[in-house]
**Q** 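One structure, pasted below without further comment.
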Amino acid sequence: RRSRNAQKIHWRQAEARKSGAIFHGNYGHSSIADRLECFVFKREFNSKVEELREDITMVNNNCRRVGNNKLLKQVMQVALVVGNALNAGSFGGSALGFKVNSMCKLNDTKSNLGKYSLLNYLVSLVEESKEELLTWPEAGGELTPGTKERCQTVLSDFSALKAGLNKVSEEMKAAGKDDPIKTKLQNFFKTASEVVDKLDVEVKEMAKGFDDLATFFGEEIGIDVPSIALTFSVAWNTAVAENQASKNIAKRMAAKKMEAAKIKKRKGLVEKSQAAAKTGSLLGSSHVELRKKLQSNRESRTKRDTSNMMSMDEPITDEANN
């Protein structure tokens, strides 16, 4: 047991000396700071690559969703027609296109009352003529804000990643032939170089897709078209909600007017009915009096006739007796 413990202690001491030699640079001319930097880079490499790929995916998705959104392009065509109609007779009345950022300014052009904007009008026009275009913000998929900033971050972080890998290469070259750090970093450097080469292709494709989207919409390279589209989509959905709210208010007002008209009509009918009942009551009273008067006249006439007949019968009787 003592011999085994002694062997373990000897092995640990050897490993400690070896590790100390690695970080103190006994095998070459590197400083301990450079070697620590290489090992920190090695430890954080995978997480940095993962973050880069997430950002690349986000930029690519935004560019693809805007570029493939057919409904957005149709909305822009309608906006161009409306703009030419409003500017008819002027220099701007025969435009063949417009800057994408102009779409966001439609909400700034308002009516005299300051409530109804040109964007509200465009939404109502689309709803009447091509209702399927109302949902263009959802057609391409959800957009994430800050596409240009994320693209710039990818380029900056990837440049730092390549610089860190170059630092590892330099450290390997500076290390002596028997330096243990050389063996420890060689396998990592080979795998990391392959990953960086693939990332280099992905980063270049991302940057090209971002610039191609701006070119497709007639914008200068570097213009953040996805973010402009996101801003316009928010304003569009707001205008749709405002138009719907205005319709609801108009419906409620129309319903109130209709109900008021019904109440007024019912009130008029009640008043007419009451007036008719009152008139009928008066007529009924007069009719009763008239009937009484007629009955009285008939009775008087009957009595008179009876009396006359009796007076005529008496002379005839006397004459017969004589």
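These values consider heavy atoms only, across backbone and side chains, with no hydrogens, waters or symmetry-generated copies.
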**Q** Could you pull out all residues at least two apart from Lys208 that satisfy side-chain hydrogen bond (donor to acceptor under 3.5 Å, both in side chains)?
**A** Asp212
**Q** Got a sec: does the NZ of Lys70 have more than 12 other heavy atoms crowding it under 6.0 Å?
**A** no
**Q** Which pairs, with at least one residue in residues 145-186 and sequence neighbours excluded, count as a ring pair (Phe, Tyr, Trp, His ring centres under 6.0 Å)?
**A** none
**Q** Show which side-chain atoms of residues 247-254 pair as donor or acceptor with protein atoms under 3.5 Å away, not counting sequence neighbours.
**A**
residue : atom : partner : partner atom : Å
Lys247  : NZ   : Glu127  : OE1          : 3.0
Lys247  : NZ   : Glu127  : OE2          : 2.7
Asn248  : OD1  : Gln244  : NE2          : 3.2
Asn248  : ND2  : Gln244  : O            : 3.3

**Q** Name the atoms and distances for all side-chain donor-acceptor pairs under 3.5 Å in residues 130-149, with sequence neighbours left out.
**A**
residue : atom : partner : partner atom : Å
Thr135  : OG1  : Glu132  : O            : 3.4
Thr147  : OG1  : Asn62   : ND2          : 2.8
Lys148  : NZ   : Gly222  : O            : 3.1

**Q** Just to verify, what does Arg64 make a salt bridge (Lys or Arg N to Asp or Glu O under 4.0 Å) with, not counting sequence neighbours?
**A** none
**Q** side-chain hydrogen bond (donor to acceptor under 3.5 Å, both in side chains) with Asp55: which residues, sequence neighbours excluded?
**A** Arg150
**Q** Could you pull out all residues at least two apart from Asn46 that satisfy side-chain hydrogen bond (donor to acceptor under 3.5 Å, both in side chains)?
**A** none
**Q** Once side-chain hydrogen bond (donor to acceptor under 3.5 Å, both in side chains) is applied, what residue pairs with a partner in residues 187-200 remain, sequence neighbours excluded?
**A** Asp200-Lys204
**Q** Mind jotting down which residue pairs meet the ring pair (Phe, Tyr, Trp, His ring centres under 6.0 Å) criterion with at least one end in residues 180-205? Sequence neighbours excluded, please.
**A** Phe45-Phe188
**Q** Take Cys104 and Ile228, measure what side chain to side chain contact (heavy atoms under 4.5 Å, CB included) needs, and give me the verdict at the end.
**A** CA-CA 8 Å; Cys104 300; Ile228 294 174; 3.9 Å; yes
**Q** Taking only residues two or more places apart in sequence or in another chain, which ones pass side chain to side chain contact (heavy atoms under 4.5 Å, CB included) with Glu54?
**A** Glu50
**Q** What residues form a side chain to side chain contact (heavy atoms under 4.5 Å, CB included) with Glu37, not counting sequence neighbours?
**A** Asp34, Lys167
**Q** Can you sort out the partners of Ser124 under side-chain hydrogen bond (donor to acceptor under 3.5 Å, both in side chains), two or more places apart, ordered by chain and number?
**A** Tyr116
